Amino acid sequence: MNTFTTKDGTSIYYKDWGAGPVVTFSHGWPLSADAWDAQMLFLGQHGYRVVAHDRRGGGRSGQTWHGNNMDQYADDLAELMFHLDIQDATMVGHSTGGGEVVRYIARHGQKRVKKAVLIGAVPPLMLKTDKNPGGLPLSAFDDIRAAVVNDRSQFFKDLTMPFYGYNKPGAKISEGVRDSFWLQGMQSSIIGAYDCIKAFSETDQTEDLKKIDLPTLVIHGDADQIVPIDDSAKLSVKLLKNGTLKIVPGAPHGLCTTHADLINQELLAFLKS
């Protein structure tokens with residue numbers, strides 16, 4: 001397996017396929033780099049070098065007790081970029097991975113990056129606060145924490161229904177997709193899964209977004225039940241200096257899977273633009 005060791009001794013697993021301009025992928029919670037299979041295969045076949053890692057605490061990476069926060073996620077990504085000497089990358093992030101990309105650019109600069117794509121991403125802030133009245137109450141995230149502690153196996157299985165919009169009337173349910181989500185979730189460490197809930201819900205990335213002046217494509221489904229579009233993508237694009245919003249009608253949070261062909265074409269067009 002391709003792995004490298006971070007400065008704090010954590011093993012990070014990554015995939016590095018193909019040749020050409022580089023596209024990096026940061027996955028959502030509680031998944032792994034495998035969530036990007038459809039995009040990595042497609043872009044790899046279209047002349048791009050595709051790189052994706054398992055976030056610490058997830059997949060095949062080290063299960064540390066510490067460092068399960070957005071700053072460390074961004075620092076791990078920076079070490080990966082340095083390890084592979086990646087230049088002129090287009091960075092793609094989904095959900096929590098979108099927050100990771102935003103925090104990486106704000107924290108480590110744009111030297112190695114030329115474009116960014118945020119898909120169903122958590123920024124600017126999921127938590128309801130006085131400054132973010134449209135967010136979700138803390139109790140919603142406390143409920144997720146409780147479910148992860150009490151029976152995360154069943155919780156991850158149940159979460160697939162709203163995640164992929166399978167709870168909508170007439171939805172075509174893939175039990176294979178549900179099984180894949182469950183497997184990726186169960187590969188994560190319990191502490192990594194637990195701590196990441198705070199990371200993706202309480203990290204305010206308003207100022208991070210303001211620092212980004214790269215061309216940034218924001219893609220979001222208007223039927224997203226996990227990260228509601230009104231308090232995420234629609235706010236983010238206003239904070240970005242060079243952002244473009246692409247709304248996918250009827251698409252759920254897991255649109256990279258349910259709408260893979262559309263997402264692949266959007267990515268390819270943006271890469272070529």
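Everything numeric in this text was worked out from a predicted model, so none of it was measured. Scope of the values below: all heavy atoms of this structure, side chains included, with no hydrogens, waters or symmetry mates.
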Is there a donor in the side chain of [X] and an acceptor in the side chain of [Y], or the other way round, less than 3.5 Å apart?
X    : Y    : result
Q154 : D158 : yes
R152 : S188 : yes
N132 : D231 : yes
Q187 : D34  : no
K131 : T206 : no
D85  : Q87  : yes
D76  : H53  : no
Q205 : D208 : yes
E100 : T96  : no

Note, [X] side chain near [Y] side chain (heavy atom, < 4.5 Å):
X    : Y    : answer
H259 : P252 : yes
V117 : I219 : yes
S95  : W29  : no
D16  : L84  : yes
V101 : V92  : no
H220 : I119 : no
V51  : V23  : no
L43  : L271 : yes

Discussion item. Heavy-atom count check: over 12 atoms from other residues, nucleotides or ligands less than 6.0 Å from K238 NZ?
Written reply: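 Atom NZ in K238 is not crowded, with 12 or fewer foreign heavy atoms closer than 6.0 Å.
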
Residues [X] and [Y] bridged, charged N to O under 4.0 Å:
X    : Y    : result
D222 : K234 : no
K15  : D54  : no
R112 : D88  : no
D71  : R107 : yes
R103 : D75  : no

Quick check: is [Y] connected to [X] through a chain of hydrophobic side chains (ILVMFWY, heavy atoms under 4.5 Å apart)?
X    : Y    : result
L127 : V102 : no
L235 : L240 : no
Y164 : I173 : yes
L159 : L183 : yes

Keeping [X] on the side-chain end and [Y] on the backbone end, is there a donor-acceptor pair under 3.5 Å?
X    : Y    : answer
Q39  : C256 : yes
R178 : K157 : yes
S61  : G57  : no
R55  : S26  : no
H83  : T6   : no
H46  : F42  : yes
S180 : G176 : no

Can you see which heavy atom on [X] is nearest to which on [Y], and at what distance?
X    : Y    : answer
G59  : S32  : CA-CB, 4.0 Å
G98  : A121 : CA-CB, 3.9 Å
T10  : T64  : OG1-CG2, 3.1 Å
L239 : P124 : CD1-CB, 4.1 Å
F200 : M70  : CA-CE, 4.3 Å
P133 : D130 : CD-O, 3.9 Å

Worksheet item: Partners of F155 by ring pair (Phe, Tyr, Trp, His ring centres under 6.0 Å), sequence neighbours excluded?
Response: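 Expected list: none.
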
Practice prompt. Show the numbers, then the answer: is there a side-chain contact (heavy atoms from CB on, under 4.5 Å) between L214 and N242?
Written response: CA-CA 6 Å; L214 301 165; N242 193 7; over 6 Å; no

Worksheet entry | Qualifying residue, where the test is side-chain contact (heavy atoms from CB on, under 4.5 Å) with I105 and the options are K211, M91, K111 |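 For I105, the side-chain contact (heavy atoms from CB on, under 4.5 Å) test succeeds with only one of K211, M91, K111, which is M91.
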
Fill in: cation_pi(K198, F141) dist<6.0 Å, angle<=45
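Ring-cation test returns no.
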
Discussion item. Once rounded to the nearest 0.5 Å, what's the spacing between atom CG of D224 and atom CD1 of I229?
Written reply: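 If I round to the nearest 0.5 Å, the distance is 8.0 Å.
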
Discussion item. Rounded to the nearest 0.5 Å, what separates atom CD1 in I197 from atom CG in N68?
Written reply: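 These two atoms lie 11.0 Å from each other.
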
Item to complete: Please work out whether the ring planes of H253 and F163 are parallel, tilted or perpendicular, with thresholds of 30° and 60°.
Response: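 Answer is perpendicular, since the angle exceeds 60°.
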
Worksheet entry | Trace of the side-chain contact (heavy atoms from CB on, under 4.5 Å) decision for K115 with S273 | CA-CA 10 Å; K115 293 181 180 180; S273 66; 3.2 Å; yes

Discussion item. Go through it in stages, so that I can follow the logic: the residues are F156 and M186, the test is side-chain contact (heavy atoms from CB on, under 4.5 Å), and I'd like the CA-CA distance, side-chain angles, deciding distance and then a yes or no.
Written reply: CA-CA 8 Å; F156 288 158; M186 293 307 294; 3.9 Å; yes

Item to complete: Evaluate side-chain contact (heavy atoms from CB on, under 4.5 Å) for K114 paired with T90, printing each intermediate quantity in order.
Response: CA-CA 6 Å; K114 67 176 183 179; T90 296; 4.1 Å; yes

Discussion item. Between K7 and E79, is the salt bridge (Lys or Arg N to Asp or Glu O under 4.0 Å) condition met? List the steps.
Written reply: CA-CA 8 Å; K7 294 174 182 176; E79 288 198 54; 5.3 Å; no

